[in-house]
Amino acid sequence: MVRSKRNWRYKRRSGIRELTYMSITTIIRSLENQGLLLRYVPVRITGRAKRCLFMSPNMLSAYSNPNSAVNLLTGRGHIDAALTLWSAGDHIYDDGKLKAGPGFLKRLSGPPPEVWEIKVTNPTPQSRVFGRFCEPDTFVATGMFTRPFLGRKGSANWHSAMNQCVDEWSSLFVNHPPHVGSRLAEYVTENRDDFIL
């Protein structure tokens with residue numbers, strides 16, 4: 001909402017503090033400066049990353065710990081390959097179905113809403129990186145889990161992991177909801193398909 005200069009002066013003179021809008025870029029920079037978000041920088045691409053991926057403290061802890069379940073069972077190289085595919089702007093797709101199925105990036109059916117997973121499908125056991133979008137092409141990864149730990153979709157572990165994602169988001173982006181859209185094209189601006197060709 002844009003306020004007139006006159007209105008702003010009036011409120012300032014009367015001693016009332018006015019809330020100011022902070023852009024998501026400003027919030028991310030502040031969280032990076034505080035060490036609460038870490039930008040994922042892919043090692044194996046030439047040029048600049050086309051999409052952004054940030055790691056929350058929980059995600060960074062699981063990612064950087066060589067003894068974490070995901071790194072031991074899936075392998076750090078496979079996690080890096082998936083995160084690099086996202087960051088490099090490579091082709092991604094979603095089959096467009098709410099049920100489980102093929103796809104690299106999938107919105108999970110809530111509650112809670114707006115929790116996404118990046119699927120790491122090679123090797124077995126598979127793993128999942130959970131997170132939310134703060135704006136198109138900017139994904140904040142909040143945790144990663146092996147598929148056997150999560151169990152069947154809708155299980156207690158799935159709901160726990162989704163709620164952990166929301167809690168981590170809420171602690172970082174206080175009073176700032178995640179980006180919301182109705183289809184993949186509203187989250188990923190280029191080099192994507194909402195269905196498998």
Side-chain angles (χ1 to χ4, degrees), residues 24-25 27-29 31-32 36-65 68 70-71 73-97 100-109 113-147 150 161-162 164-166 168-169 172-173 178-197:
I24 193 64
T25 305
I27 294 170
I28 288 172
R29 270 197 208 117
L31 291 169
E32 278 186 293
L36 296 173
L37 275 185
L38 179 72
R39 181 185 301 261
Y40 178 76
V41 180
V43 181
R44 290 174 262 140
I45 65 169
T46 56
R48 188 174 171 179
K50 296 198 165 108
R51 299 184 192 118
C52 291
L53 186 135
F54 293 93
M55 293 186 194
S56 72
N58 280 346
M59 174 65 185
L60 185 59
S61 173
Y63 174 80
S64 60
N65 179 358
S68 74
V70 175
N71 282 332
L73 297 172
T74 303
R76 171 88 176 258
H78 295 286
I79 302 296
D80 274 331
L83 300 182
T84 297
L85 186 139
W86 166 261
S87 299
D90 288 351
H91 185 257
I92 63 166
Y93 64 93
D94 177 15
D95 61 3
K97 298 176 185 169
F104 172 77
L105 183 69
K106 189 170 259 333
R107 180 176 22 204
L108 300 172
S109 55
E114 291 304 322
V115 175
W116 289 74
E117 67 175 341
I118 291 177
K119 295 180 171 186
V120 182
T121 56
N122 258 339
T124 301
Q126 300 178 3
S127 62
R128 301 293 189 261
V129 175
F130 280 41
R132 293 177 128 181
F133 283 89
C134 56
E135 63 184 0
D137 297 328
T138 305
F139 187 76
V140 177
T142 58
M144 62 181 186
F145 308 90
T146 62
R147 190 64 178 83
L150 292 169
M162 290 171 72
Q164 179 184 333
C165 175
V166 171
E168 184 88 352
W169 177 274
L172 294 170
F173 298 95
H179 176 70
V180 176
S182 60
R183 45 188 254 270
L184 187 62
E186 295 173 30
Y187 295 89
V188 184
T189 58
E190 60 184 51
N191 208 11
R192 49 82 186 104
D193 285 314
D194 287 22
F195 54 88
I196 300 171
L197 296 176

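When all heavy atoms of Ser68 and Ala62 are compared, the pair lying nearest together is OG-O, 2.8 Å. For the residue pair Pro125 and Thr74, the shortest heavy atom distance occurs at O-OG1, 3.2 Å. Of all non-hydrogen atoms in Leu53 and Ala141, the two that sit nearest each other are CD2-CB, 4.4 Å. Here the closest heavy-atom approach between residue Lys50 and residue Gly89 is recorded as CB-CA, 3.9 Å. Nearest heavy atoms, Glu186 versus His179: O-NE2, 2.8 Å. For the pair Tyr40 and Ser87, the tightest heavy-atom approach, listed with the atom from each and the gap, is CD2-OG, 3.5 Å.
Taking CG of Leu38 as the reference point, atom CG of Leu31 lies at 12.0 Å (rounded to 0.5 Å). Considering CE of Met59 and OG1 of Thr142, their distance stands at 8.5 Å, rounded to 0.5 Å. Taking CZ of Arg128 as the start and CD1 of Ile79 as the end, the distance is 10.0 Å to the nearest 0.5 Å. Summarising the geometry, atom CG belonging to Leu37 is positioned 13.0 Å from atom CZ belonging to Arg29; distances are rounded to the nearest 0.5 Å. Atom-to-atom distance recorded for Met144:CE and Leu83:CG is 8.0 Å, nearest 0.5 angstrom. Annotation: the span from Leu60 atom CG to Asn65 atom CG amounts to 10.5 Å, rounded to 0.5 Å.
Looking at Thr138 and Ile24, their side chains never come closer than 4.5 Å, going by heavy atoms from C-beta outward. The closest side-chain heavy-atom distance from Leu73 to Ser127 is not below 4.5 Å. The shortest side-chain heavy-atom distance between Gln126 and Lys119 does not fall under the 4.5 Å cut-off. You'll find the side chain of Arg107 stays beyond 4.5 Å of the side chain of Pro113, heavy atoms only.
Every residue two or more places apart in sequence or in another chain that forms a side chain to side chain contact (heavy atoms under 4.5 Å, CB included) with Ile92 is listed here: Arg51, Leu85, Trp86, Phe104, Leu105, Val188, Arg192. With sequence neighbours left out, Gln164 forms a side chain to side chain contact (heavy atoms under 4.5 Å, CB included) with Asn58, Phe145. In terms of the ring pair (Phe, Tyr, Trp, His ring centres under 6.0 Å) criterion, residue partners of Phe173 (sequence neighbours excluded) are, by chain and number, Trp169.
Among Phe130, Phe139, Phe133, the one residue that satisfies the ring-ring contact (aromatic ring centres under 6.0 Å, His included) test with Trp116 is Phe133.
Under a 3.5 Å cut-off, the side chain of Asp137 and the backbone N or O of Cys52 do not form any donor-acceptor pair. Without hydrogens or angle criteria, Asp80 side chain to Pro42 main chain gives no donor-acceptor distance under 3.5 Å.
Between Glu114 and Arg132, none of the side-chain N atoms (NZ, or NE/NH1/NH2) sits under 4.0 Å from a carboxylate O, so this pair counts as no salt bridge.
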